Novice: 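Below: one structure in structure tokens.
Bear in mind that the values here come from a model prediction, so they are computed numbers and not experimental data. Both backbone and side-chain heavy atoms feed into the values below; hydrogens, waters and symmetry mates do not. Counting convention: from 1, in listed order, for ligands and their atoms alike.
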Amino acid sequence: MINVTKTYLPNKEKYKKYVDEIYANGWITNNGPLTKKLEKELCKYLGVKNILLVANGTAALEIAYRVLDLEGYAITTPFSFVATTSSLVTNNLKPIFVDIDKKTLNIDAEKIKNAITPNTSAIVPVHVFGNSCDVEKISEIAKEHKLKVIYDAAHAFDVEYKGTNVLNYGDISTLSFHATKLFHTIEGGALIINDDSLIQKAKYLINFGIENAESIPELGINAKMNEFEAAMGLCLLDEMKEVSKKRKTLHERYKNKLKDIIEMQEQNSNSNQNHSYFPIILKNNKEMVEIKQRLNDANIFPRRYFYPSLDTLHYIEPKQFCKNSRDIASKILCLPLYPELTENDQVKIINIVKSTLRKTS
Ligand SMILES: Cc1ncc(COP(=O)(O)O)c(C=O)c1O
């Protein structure tokens, strides 16, 4: 069976050594030495100032909203994983969707201004499939209207924009280190906080709002990463160059073989590609369903990522309609992409996609 992704597991002996270390010192969670070490190494690797590790990418978003004391409405994209929106709703923020650009698949920055009201406190864009948003335009709008910007950068590990890490844009960026991600810690996530004065509060919020044994200055949650997860991250970080190289080869092979017959996401020309996903945009829903079925028949499971469009969620108030996002969600598929995918299997996928397209056109 070939799934859309397969978790990359780093060198087992190296991981065992970390496990021995954890057993020897008995410190398994609550900001232990490996969590601190991984924070430091990630700062260096990514070229960012501050990283706080957390339990998952959803918790990272929740902490970000709380650190910035957001209230009222948050402008966001309807084309994302559900956590981008649900985390707003569970934190008493109303998502106001601005439709996407059908080519980049990111929020259409040109349309953000029209959605701003006196109740708007923030913009929550997503670098969809690792493709940088129009970060300069978004910064300009946020500055003019005094809005906070939180980038859901769950897919944007190792992405640069004009030579600096894209995580350096906005007030806060969040990462997901879920097992399916380019870089993972089994479950995990991170906040990249660009304003030093917010760090202390974020640390309290990650740990129930607690400052010390006698003081609880904030209303926090439990969002702590544990030492076994941090150890996984440390092992994987050492292998990231190799992982990225393999993904690049696979990504380029898909692109070269399919670019003339299938529409692809338009990349931000100021950014690099991190090869985290390979989405294909079909002509219509029928064509997408046909390709998915043919691949499934061959025991290959691409994913409708993202579906459904988040403006269709039943718990969204006020009701909204985003035409571009709904259209793209109805006809997009992410093809299998992971370091262990063999060339033979990839060629098989490419051939099924091509032959199905020939039949449907
Ligand atoms: C865009 C986006 N945001 C947020 C999340 C949530 O991250 P996590 O699964 O680590 O909670 C994901 C996870 O897939 C995601 O793709």
Side-chain angles (χ1 to χ4, degrees), residues 3-8 35 38 42 51-66 74-91 93 95 97-98 100 104-107 122-133 135 149-159 166-167 169-170 172-192 206 221-226 228-230 232-233 236 265 274-279 302-311 313 325 328-329 332-334 337-338:
N3 270 318
V4 67
T5 188
K6 184 175 176 196
T7 299
Y8 181 84
T35 304
L38 182 58
L42 279 170
I51 283 194
L52 294 178
L53 291 168
V54 290
N56 54 63
T58 310
L61 286 165
E62 296 198 17
I63 299 288
Y65 309 148
R66 286 164 183 249
I75 290 173
T76 187
T77 172
F79 190 68
S80 182
F81 183 65
V82 63
T84 314
T85 286
S86 60
S87 58
L88 288 168
V89 177
T90 54
N91 283 277
L93 288 154
F97 296 114
V98 164
I100 55 166
T104 66
L105 309 184
N106 286 329
I107 192 166
I123 311 172
V124 183
V126 179
H127 303 299
V128 174
F129 304 133
N131 191 24
S132 292
C133 290
V135 288
V149 181
I150 300 97
Y151 283 104
D152 180 344
H155 301 174
F157 188 85
D158 230 356
V159 173
V166 76
L167 304 171
Y169 283 84
I172 297 179
S173 288
T174 62
L175 289 166
S176 164
F177 296 154
H178 181 255
T180 54
K181 296 289 188 288
L182 186 62
F183 170 82
H184 77 89
T185 58
I186 310 171
E187 291 275 1
L191 291 119
I192 291 80
I206 291 166
I221 58 174
N222 177 3
K224 300 189 299 293
M225 175 174 278
N226 69 55
F228 294 92
E229 291 169 333
M232 180 59 74
L236 191 51
Q265 181 184 28
N274 72 353
H275 311 110
S276 48
Y277 297 87
F278 198 87
R303 178 153 176 214
R304 296 188 67 181
Y305 205 46
F306 304 104
Y307 181 82
S309 178
L310 300 177
D311 56 318
L313 290 171
S325 177
I328 293 291
I332 194 165
L333 271 185
C334 279
L337 179 64
Y338 49 87

Novice: Pick one of side chain, backbone, both or neither for how Thr58 approaches ligand 1, counting any non-hydrogen atom pair under 4.0 Å.
Specialist: both
Novice: Quick one: which ligand 1 atoms are inside 4.0 Å of a heavy atom on Thr84?
Specialist: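 Near Thr84, the atoms of ligand 1 are 3 (N).
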Novice: Okay, side chain of Thr35, backbone of Ala230: is any donor-acceptor separation there less than 3.5 Å?
Specialist: no
Novice: Considering only protein heavy atoms, which is closest to atom 2 (C) of ligand 1, and at what distance to one decimal place?
Specialist: Ala154 CB, 3.4 Å
Novice: Taking salt bridge (Lys or Arg N to Asp or Glu O under 4.0 Å) as the definition, give me every residue that meets it alongside Asp158, ordered by chain and number, with sequence neighbours left out.
Specialist: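 Residues passing salt bridge (Lys or Arg N to Asp or Glu O under 4.0 Å) with Asp158: none at all.
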Novice: Examine distances only and state if a side-chain atom of His184 and a backbone atom of His178 form a donor-acceptor pair shorter than 3.5 Å.
Specialist: no
Novice: If you count the atoms of ligand 1 from 1 in the order shown, which ones are under 4.0 Å from a heavy atom of Asn56?
Specialist: 10 (O), 11 (O)
Novice: Judged by non-hydrogen atoms, does Ala59 sit under 4.0 Å from ligand 1?
Specialist: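 For ligand 1, residue contact (heavy atoms, under 4.0 Å) with Ala59 is absent.
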Novice: If you measure every N or O of Tyr277 against every N or O of ligand 1, does any of those distances drop under 3.5 Å?
Specialist: no
Novice: With rounding to the nearest 0.5 angstrom, report the CE to CG distance, Met225 to Leu38.
Specialist: 6.5 Å
Novice: Does at least one non-hydrogen atom of Tyr305 fall below 4.0 angstrom from an atom of ligand 1?
Specialist: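 Contact present.
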Novice: Please list, in number order, the atoms of ligand 1 under 4.0 Å from a heavy atom of Gly188.
Specialist: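 Every atom of ligand 1 under 4.0 Å from some heavy atom of Gly188: 10 (O).
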Novice: Are any of the heavy atoms in Lys181 under 4.0 Å away from ligand 1?
Specialist: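 Checking ligand 1 against Lys181, which is what was asked, there is a heavy-atom contact under 4.0 Å.
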Novice: Using side-chain heavy atoms (C-beta onward) and a distance below 4.5 Å, is Leu167 in contact with Leu175?
Specialist: yes
Novice: Return the closest protein heavy atom for atom 15 (C) of ligand 1 as residue, atom name and distance.
Specialist: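 Result: Phe81 CB, 3.5 Å.
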Novice: List ligand 1 atoms under 4.0 Å from His155, heavy atoms only on the residue side.
Specialist: 1 (C), 15 (C), 16 (O)
Novice: In terms of residue, atom name and distance, what is the protein heavy atom nearest to atom 3 (N) of ligand 1?
Specialist: Asp152 OD2, 2.7 Å
Novice: Distance under 4.0 Å to a non-hydrogen atom of Gly57: what atoms of ligand 1 satisfy this?
Specialist: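 Those of ligand 1 that fall under 4.0 Å from Gly57 are 7 (O), 8 (P), 10 (O), 11 (O).
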Novice: Does one side chain, of Asn226 or Lys224, offer a donor that lies under 3.5 Å from an acceptor on the other?
Specialist: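 Judged by distance alone, the side chains do not pair up.
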Novice: With a cutoff of 4.0 Å, is Ser80 in contact with ligand 1, counting heavy atoms of the residue only?
Specialist: yes
Novice: When you look at Phe81 and Phe306, which way does the ring-ring contact (aromatic ring centres under 6.0 Å, His included) test go after all the steps?
Specialist: CA-CA 6 Å; Phe81 183 65; Phe306 304 104; 7.1 Å; no
Novice: If you round to the nearest 0.5 Å, how far is OH of Tyr307 from CD1 of Ile332?
Specialist: 13.5 Å
Novice: Checking the N or O distance criterion of under 3.5 Å, is ligand 1 in contact with Glu187?
Specialist: no
Novice: What pairs with Tyr277 under ring pair (Phe, Tyr, Trp, His ring centres under 6.0 Å), at least two apart in sequence or on another chain?
Specialist: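 With neighbours one apart ignored, the set is Phe129, His155, Tyr305.
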Novice: Does the Asn106 side chain pair with the main chain of Asn131, one donor and one acceptor, at a distance under 3.5 Å?
Specialist: yes
